[in-house]
Amino acid sequence: MEKNILTTVEEYLKKLCYGESTGHDWWHIKRVQNLALKINQEEKQDEFTIKMIALSESSFSTLNELERNTIMTYNSFATGYNKTRGNRG
C-alpha cells in the first residue's frame, strides 16, 4: 500500500515539476529524498514517512494546495471521482 502511494505521488510530481524554473524541479526533490534516506540510515525512522516528507519539497505550500491542484489537473471533480474540489483549510 505504501509503495503504491509513493509511486503515485512521485509520478504526479515528476509531471507537475517538469520544466519548473525556480530550482525546485523533480531532480531537486529527488536529491532531497536521497539525502533524507541517507541520514535515515543512522536515525532509523519510518522510511515511508521520510520519503513522503522529502516529496513535500514541491512548490506547494500546503497539502491542501497540492490536493486542489491535483483534483483540477486530473479533472476529477467534474468526472465524479472526487465529491469536492478539494479541502479549503
Side-chain angles (χ1 to χ4, degrees):
M1 173 80 153
E2 291 177 351
K3 184 174 178 158
N4 291 340
I5 293 169
L6 283 168
T7 300
T8 300
V9 171
E10 285 181 350
E11 289 301 317
Y12 175 74
L13 287 173
K14 282 179 192 177
K15 291 177 188 174
L16 182 69
C17 297
Y18 179 80
E20 207 283 328
S21 62
T22 67
H24 287 94
D25 62 358
W26 168 247
W27 298 111
H28 169 77
I29 294 168
K30 197 64 181 165
R31 285 189 301 274
V32 169
Q33 188 182 61
N34 289 339
L35 180 58
L37 290 171
K38 186 172 185 164
I39 292 169
N40 195 44
Q41 290 173 352
E42 294 289 322
E43 299 295 326
K44 307 215 185 315
Q45 299 300 312
D46 179 61
E47 190 171 306
F48 174 75
T49 302
I50 299 298
K51 287 179 177 180
M52 289 301 290
I53 289 170
L55 290 175
S56 73
E57 272 291 308
S58 71
S59 60
F60 295 103
S61 58
T62 66
L63 289 176
N64 289 335
E65 186 181 344
L66 174 61
E67 178 188 41
R68 285 190 298 271
N69 185 274
T70 304
I71 291 169
M72 184 178 67
T73 299
Y74 289 100
N75 200 26
S76 61
F77 175 73
T79 59
Y81 186 80
N82 285 88
K83 292 184 178 187
T84 69
R85 285 181 164 60
N87 207 344
R88 299 286 176 209

Requested in this report: Begin from the C-alpha positions of Ile39 and Glu43 and carry the test side chain to side chain contact (heavy atoms under 4.5 Å, CB included) through to its verdict.
Outcome: CA-CA 7 Å; Ile39 292 169; Glu43 299 295 326; 3.9 Å; yes

Query raised in the report: Stepwise, does the side chain to side chain contact (heavy atoms under 4.5 Å, CB included) test hold for Lys83 with Phe77?
Result: CA-CA 6 Å; Lys83 292 184 178 187; Phe77 175 73; 5.9 Å; no

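Remark: the Gln33 side chain and the Lys30 side chain contain an N/O donor-acceptor pair separated by less than 3.5 Å.
If you take NZ on Lys38 and CG on Asn40, they are separated by 13.0 Å, rounding to the nearest 0.5 Å.
Considering all non-hydrogen atoms of both residues, Glu47 and Leu37 come closest at CG-CD2, 3.6 Å.
At least one side-chain heavy atom of Glu10 sits less than 4.5 Å from a side-chain heavy atom of Trp26.
Under the 4.5 Å side-chain contact rule for hydrophobic residues, Leu35 and Leu6 do not share a cluster.
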